[in-house]
*Asks:* 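Sharing a structure with you now.
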Amino acid sequence: MTSTELNDYAGHSGTRVRSPATEKHQPEPLNPQWNNVRAPDSRVKTSNALAAVPNKWRVLKALIHNPNAVCGLVFLALVILAALIAPLIYPGDPLAMVARPFLWPGQNPAYPLGTDSMGRDVLAGILHGARVSLFVGLVATALGLTFGVLVGATAGYFGGWIDDLLVRLIEIFQTMPSFVLLVVMVAIAQPTASTITLAIAIITWPTVARLARAEFRTIREKDFVMAARSLGYGHARIIFLEILPNALPPIIVTSSVMVAGAILMESALSFMGLGDPNVVSWGSMIGAGRELIRTAWYLTALPGIAIVFTVLSLNLIGDGLNDALNPRFTQER
Amino acid sequence: MSALTRVGRTLKRTSLQAIPTVFGIVIINFFLLQLAPGDAADVLAGEAGAATEETMAAIRSRFGLDNPLLVQLFNYLDNLAHFSLGFSPRYGMPVADLIGQRLPGTLLLMVVALAIAIVLGLALGSLMSVFAGRLPDRLLSVFSLLFYSIPSFWIGLMLIVLFSVKLGWLPSGGSGTIGSSTTGLAGVWEKARYMILPATSLALFYVAIYARLTRAAMLEIKSQDFVRTAAAKGLSPTIITVRHILRNALIPITTMAGMHIGGMLGGAVVVETVYSWPGLGRLAFEAVMGRDFTVLLGILLLSGLLVIFANAAVDLLHAWLDPRIGERS
């Protein structure tokens, strides 16, 4: 939620970041006192193709010069690597029994992170767990973003009764406690990786829709949209090619936080025993280790560290993106 | 416009907006729950171990589960119109009583967690904004991001390992000692001991949010003219920070706190599971598992009302914090 709020602030400055579409239709600054901020861009205004490149590179450069964001990227790369190599290092089923139960980490070099109460390898479980977490996080975010942006764009662009209706719908979803709703949906639909993903998407879209609506409402009033309208462009073209690229920065920032949130929700669900029973996930490992917390607390601690590591990396990237896409906001910080 | 009219107007607007929202919640949830395979009769029969077709039919007709869908919806709405949340087949008691038993525990947990989160968040956020861009700010930023990334159930379990298993300072679960009859100050301390760990695990995530929000809001406000005026008047930096900056920074924070009531209830489901805390979240989870949809509908409706009520309270608080807000609407 915070990120939304922060992005709402940031959204105003976000439109100042030049993207290709702005370059075409918004030749003069709206705010004279920000002249100096825009000045460097005016040099590359001669060609649209050229103008797009420095912008993207600038964002990337700002990201690379931010130590936190670099840490996040490295961490995330490690998690992705773990997910990719898991089937290569541990080709067997991570839920299969491989050794004596309750080996502590370091006790047997063949099982560096020990084994659990059923003699399953903890390291194999953590590496395979990365696959489920990343899958659920990425796909749920993609679905939630798509639906949220569509609803938010429709509401913000058209306004009127469509807006009223959609805002009411968003409000209903935001009034219900989302995690309770998530538990209800997953319990109804039988827990599998795909139903969990879908359910997470259903409870996250209202946040995106709210954000996208606010952006579209602001940008809709800009001169370049009026220009596009007077050229006879259709609604779809104006929404997707004119407004959307300008509304993207805050949405991009939200998306990395959304992936983090989805991973947290998936882990909480499987911790409560509502995860996919056929795949190993970090949350279900913690849920199983919970019963033995007095004797073998490493079973709870290790998968939790994996979750914190992954979620922290995504939040660091989100922070870095926020700084990179909203330079004015950064200067004030 | 007098303060009283302002408050009255806000209340009227909020309640008018609340009616369709509440109605929407009931309808959407009612149909959502009908999608579930199985009903309370199945679970009751399953737990009893054996049931004939006739007993199942008897259970269904007793609780009206065999009526057509729209009749069931109409019956439920009719109940609501009479301020009754219906009757739970599984627990054998009115839903309102059932929720009434569990609500105080959860409310207490949420209020304590929210208080911890806001106080700590404001303190950390103010500290961060004072040192903006310097080392303490950067360190605290990373820490708050870390808090933001820790799942509440995991930190809950880790706190149990540290404080209950290793150190033995605090109880690992429950909401009070069974058969304890301590009263007065000792009784309050007794209750608080059970409260510390669950409330902290629930609060940690929100501490991070409020700290970051406070920092951003305070930096934004610091650059405004009235702060410069206050400094020019010769006020001390402490008074400026507390009375001029912090008071205005409270507006976005209270807005967020109002929005978080719903989210906290969700978090309470998980934290109550970890600490076997007898609360509403736990009841909701049991109701899902027992297919006790009357209870679940009641909880969802009540939490919706709670969120609406919290937001109305925040609106009123804003009107008090910033008189301009009431004038505008």
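Naming: A, B, ... by sequence-line order, numbering from 1 per chain.
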*Asks:* A:V180 and B:A284: which non-hydrogen atoms are nearest, and at how many Å?
*Replies:* CG1-CB, 4.3 Å

*Asks:* Among A:L181, A:I305, A:T300, which residue forms the greatest number of heavy-atom pairs with chain B at distances under 4.5 Å?
*Replies:* A:T300

*Asks:* Please state whether the side chain, the backbone, both or neither of B:I28 comes within less than 4.5 Å of a heavy atom of chain A.
*Replies:* side chain

*Asks:* Identify which part of A:L269 has an atom lying under 4.5 Å from any heavy atom of chain B, answering side chain, backbone, both or neither.
*Replies:* neither

*Asks:* Using heavy-atom distances under 4.5 Å, tell me whether B:V288 contacts chain A through its side chain, its backbone, both, or neither.
*Replies:* side chain

*Asks:* Would you mind checking which part of A:M185 comes under 4.5 Å of any heavy atom in chain B, side chain (CB onward), backbone (N, CA, C, O), both or neither?
*Replies:* side chain

*Asks:* Counting C-beta onward and ignoring hydrogens, is there a side-chain heavy-atom pair between A:V308 and B:P151 closer than 4.5 Å?
*Replies:* yes

*Asks:* What residue in A:I263, A:N68, A:I286, A:V183 has the most heavy-atom pairs under 4.5 Å with chain B?
*Replies:* A:I286

*Asks:* Has the side chain of B:W154 got a donor or acceptor atom that lies under 3.5 Å from a matching backbone atom of A:G283?
*Replies:* no

*Asks:* Once rounded to the nearest 0.5 Å, what's the spacing between atom CZ of A:F173 and atom CD1 of B:I25?
*Replies:* 10.5 Å

*Asks:* Can you tell me how far OG of B:S149 sits from CD1 of A:I307, rounded to the nearest 0.5 angstrom?
*Replies:* 11.5 Å

*Asks:* Using a cut-off of under 4.5 Å on heavy-atom pairs, state which of B:R138, B:M128, B:M158 scores highest against chain A.
*Replies:* B:M158

*Asks:* Check each of A:F179, A:F271, A:W282 against B:F153 using the ring pair (Phe, Tyr, Trp, His ring centres under 6.0 Å) test, and report the only one that passes.
*Replies:* A:F271

*Asks:* Can a donor-acceptor pair be found, under 3.5 Å and without considering hydrogens, that links the side chain of A:R290 to the backbone of B:V274?
*Replies:* yes

*Asks:* More than 12 non-hydrogen atoms from neighbouring residues, nucleotides or ligands closer than 6.0 Å to CZ on B:F143, yes or no?
*Replies:* no

*Asks:* Taking atom CD1 of B:I299 and atom CE of A:M176, what is their separation to the nearest 0.5 Å?
*Replies:* 14.0 Å

*Asks:* Using heavy-atom distances under 4.5 Å, tell me whether B:L305 contacts chain A through its side chain, its backbone, both, or neither.
*Replies:* neither

*Asks:* What part of A:L316 lies closer than 4.5 angstrom to a heavy atom of chain B: side chain, backbone, both or neither?
*Replies:* both

*Asks:* What part of A:A268 gets closer than 4.5 Å to chain B, counting heavy atoms only: side chain, backbone, both or neither?
*Replies:* both

*Asks:* Given a strict heavy-atom distance threshold of 4.5 Å, which part of A:N315 is in contact with chain B: side chain, backbone, both, or neither?
*Replies:* both

*Asks:* Which one, B:L145, B:V22, B:I308, B:L146, leads in non-hydrogen pairs under 4.5 Å with chain A?
*Replies:* B:L145

